[in-house]
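Okay, structure first, notes after.
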2 protein chains.
Amino acid sequence: MNKKPKSDTNQAVVLDLGAVIATVDADQPKVLLVGADGSDARPSLPSGPFDPEGDRTMEEGLRRWVEEQTGLTVGFVEQLYTFGDLFRDPDALAGGPRSISVGYVALIRQSAAKRPAKSDWFDWYRLFPWEDWRNGRPAVLDEVLKPKISSWIDEAADAKAKRARRGRADVAFGFSDAGWDADRVLERYELLYEAGLVVETVIDGRIKTRQNQSDTLAWTGLPLHQDHRRILATALGRLRGKIRYRPVIFEVMPIEFTLLQLQRAVEALAGAPLHKQNFRRLVAAEGLVEPTGRVSSETGGRPAELFSFRPDVVRERPAPGVRMPRGRRTR
Amino acid sequence: MNKKPKSDTNQAVVLDLGAVIATVDADQPKVLLVGADGSDARPSLPSGPFDPEGDRTMEEGLRRWVEEQTGLTVGFVEQLYTFGDLFRDPDALAGGPRSISVGYVALIRQSAAKRPAKSDWFDWYRLFPWEDWRNGRPAVLDEVLKPKISSWIDEAADAKAKRARRGRADVAFGFSDAGWDADRVLERYELLYEAGLVVETVIDGRIKTRQNQSDTLAWTGLPLHQDHRRILATALGRLRGKIRYRPVIFEVMPIEFTLLQLQRAVEALAGAPLHKQNFRRLVAAEGLVEPTGRVSSETGGRPAELFSFRPDVVRERPAPGVRMPRGRRTR
DNA sequence: CCACATATGCTCAAAATAAGTATAAGTGTC
DNA sequence: GACACTTATACTTATTTTGAGCATATGTGG
């Protein structure tokens, strides 16, 4: 920053802007992927170029190409991470220019989320089956992942490496007494990648497919282009953390919603079930919503009161977000 | 990501890696700045080039040039944000290549933090005087900032804009009932920038210096090169948030420390005083540290027991960090 | 021995939280 | 229209966490 690097060092850098465009539709978390047209190519995240002459800010550039490419006008946009690892980038390995991708998360309300050309809304948990605890602990964890991870730990070169692997697995998957931490999506994905338990590892040529491995891979979610599933893992972890202290959940809600709809949306992203009575008590206490006076009769039972987001909460609360019970921990 | 942008769109991008290198020394938070040699140039954050051919990852590139330039070996490194706004960049405005800077925060223990050539450790709060509440509410807030911000609110074009400004100020500075939120460092700096209350605004030519404005500027902290103070604000906010749920504080501590030293370090970054007895109770309950059996007699009173960080906490706790009392809120 | 400093252990009341029970108000079925 | 069923919402209770302070411990320098 204080002095410009020599320009020839940097000429071979190509910068693009990637977007994780997410919503919640019918209580399911969705993400926009392109190129899932049945061909053998893996789907990928939408991305577009950054125009250094036209775009005053990168966020502006992102909004521009998202609108151009998909017709969607995204509301909430937040920069996620800048990805530049060499191994993510087969072209650069082959001598091409180095590709750097600035990743963003964008949230959009379901109502505004049409189906853009060549794109599709994918259920987020098709990519991360082990992340969805809404109906209890996912079976894939104990039936597939846990034993495979154990093997991976045992395959470590020496006792020290074994301890390190076990430690990582304990933290990421809560195998020891820490319990499952919903935010550690990226740690989990990276461990599975290194352990060769997701398709990407094999495709990247990091390990060979082993006997009996291919049926494991069938259980570990849909593979994406390059490192895009890793980017999605980053985004999901970030969003899960964020809904707790910023009212981002309302970015995916319709203008009016019932408290149960709100709860389902939070559960969809958090990947965990919430205690209904406490949820509404916390939401009420936080002052995040206000009743509109209308009711929704589409629930099948007693009609629910409709609420809307109260934007001025942020003026009153240091960390306005949806607080989520984590279950009583015995210390 | 799915298709390469046309290369001519991107050729004019220069990528560098900027570092906020921070430590805590003698209970004071410090940050490494270069070029504060008494000349009229404003100090700046250290930064270095990214070498697309040599650096496999950006983090690796960062560690490389930090070591080359300063001789420091940084421990904890985390990517912060990628800065690419056009207005940050006078060269690009003048038709030069667009400069994109990937910012990192690096933490280093005081013991390892020598004074590198051409660099200096600056007290962080010299740049953000309003952020240091360790000795109570900073006087500059009520005596200088609050009235000036009020004027800025009143200068808004119409009632709607006025409300918007007031809302922002309330949130950022806790003027309404929300109270001060230590994490909102960036929001505060950006508001001051827009209100013309920091030197950078004037230098950037966004507003003219007004009558009686220059003495205000003398109270609003040391200006840095380009948008570097903005980057520092991002870093401070991020760190303040992070110490609560990740044990990053130990990255700046010596291997052995007393609980009061630990508390002072947390206070230094958090910018707030903590209740001593409760602090040690929380730290003990979190299991973050273990006694070494030795004591330190340098305290002037009863010798304090020495503790060391227990790295395996992360295996046991979902969010191991230093919990900080925020003062009893009455809802 | 004293005054003084910091360290550390402990109590207590207030607030927040998890979990559950009870009741309200609709729907569709017969 | 009685009834089973569904969802909504109010309220109760036990427990945990937190904020704040007091009391005691163990060193220093005079």
Side-chain angles (χ1 to χ4, degrees), chain A residues 26-27 179 244-245 256-267 270 272-307 317-331, chain B residues 27 133 179-180 182 244-245 256-267 270 272-307 317-331:
Chain A
D27 300 341
R244 276 201 298 268
Y245 62 95
E256 291 194 332
F257 46 83
T258 71
L259 290 183
L260 188 57
Q261 283 173 341
L262 182 66
Q263 182 181 341
R264 294 285 180 242
V266 172
E267 289 174 332
L274 299 176
H275 183 278
K276 190 165 165 179
Q277 293 92 324
N278 288 342
F279 176 80
R280 40 176 60 240
R281 183 168 45 82
L282 288 177
V283 167
E286 207 67 35
L288 290 166
V289 298
E290 61 190 355
T292 64
R294 284 176 289 278
V295 293
S296 159
S297 315
E298 299 170 17
T299 51
R302 168 176 171 179
E305 203 169 357
L306 283 168
F307 289 83
R317 304 250 163 254
V322 179
R323 302 220 295 270
M324 282 173 289
R326 281 177 302 178
R328 185 89 64 188
R329 277 175 302 163
T330 331
R331 286 246 166 129
Chain B
D27 299 342
W133 288 54
W180 184 264
R244 276 202 297 270
Y245 63 95
E256 291 195 332
F257 47 84
T258 70
L259 290 183
L260 188 58
Q261 284 174 338
L262 183 65
Q263 181 181 341
R264 295 286 179 242
V266 172
E267 289 175 332
L274 299 175
H275 184 279
K276 190 163 163 180
Q277 292 94 322
N278 289 344
F279 177 81
R280 37 176 63 239
R281 184 185 44 183
L282 288 177
V283 168
E286 207 67 36
L288 290 166
V289 299
E290 60 190 356
T292 64
R294 284 175 289 276
V295 293
S296 157
S297 316
E298 299 169 18
T299 51
R302 170 176 170 179
E305 202 170 356
L306 284 167
F307 289 82
R317 304 250 163 253
V322 180
R323 304 219 293 269
M324 282 173 291
R326 280 179 302 178
R328 183 92 61 191
R329 279 174 303 162
T330 329
R331 287 241 165 132

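Summary of the strand contacts: A/R280 and B/Q277 both lie near DNA chain D, and taking for each the nucleotide with the nearest heavy atom, the more 5' one is attributed to A/R280. For the pair B/R281 and B/L260, both in contact range of DNA chain C, the more 5′-proximal nearest nucleotide belongs to B/L260.
One can place CG of A/L259 at 21 Å from P of D/dT6, the figure rounded to the nearest angstrom. Atoms CZ (A/F257) and C1' (D/dA8) sit 16 Å apart, rounded to a whole Å. Look at CG on A/L306: it is 15 Å from C1' on D/dT9, rounded to the nearest Å. As rounded to whole Å, 15 Å separates atom C1' of D/dT9 from atom CG of A/L282. In this structure, B/F279 atom CZ and D/dT17 atom P are separated by 18 Å, rounded to whole Å. To the nearest angstrom, C1' of C/dT17 lies 14 Å from CG of A/L274. Taking atom NE2 of residue A/H275 and atom P of nucleotide C/dA16, one finds them 19 Å apart after rounding to whole Å. Per the geometry, CD belonging to A/Q263 stands 12 Å off P belonging to D/dT9, to the nearest Å.
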Audit row: B/V295, B/L306, side-chain contact (heavy atoms from CB on, under 4.5 Å) steps and yes/no: CA-CA 5 Å; B/V295 293; B/L306 284 167; 5.7 Å; no

Apply side-chain contact (heavy atoms from CB on, under 4.5 Å) to B/V266 and B/F279, showing your working. CA-CA 10 Å; B/V266 172; B/F279 177 81; 4.2 Å; yes

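Out of D/dT7, C/dT17, C/dA7, the shortest distance to the side chain of B/A304 is found at C/dA7. Counting only heavy atoms from C-beta on, A/K276 has its side chain closest to D/dT7 among D/dT7, D/dG21, C/dA25. Of the candidate nucleotides C/dA18, D/dA20, C/dT6, C/dA18 has the atom nearest to the side chain of A/N278.
Across B/W133 and B/P273, no two heavy atoms sit closer than the pair O-CD, 3.3 Å. Shown here for A/E267 and A/A272, the closest heavy-atom pair between the two residues is CG-O, 3.2 Å.
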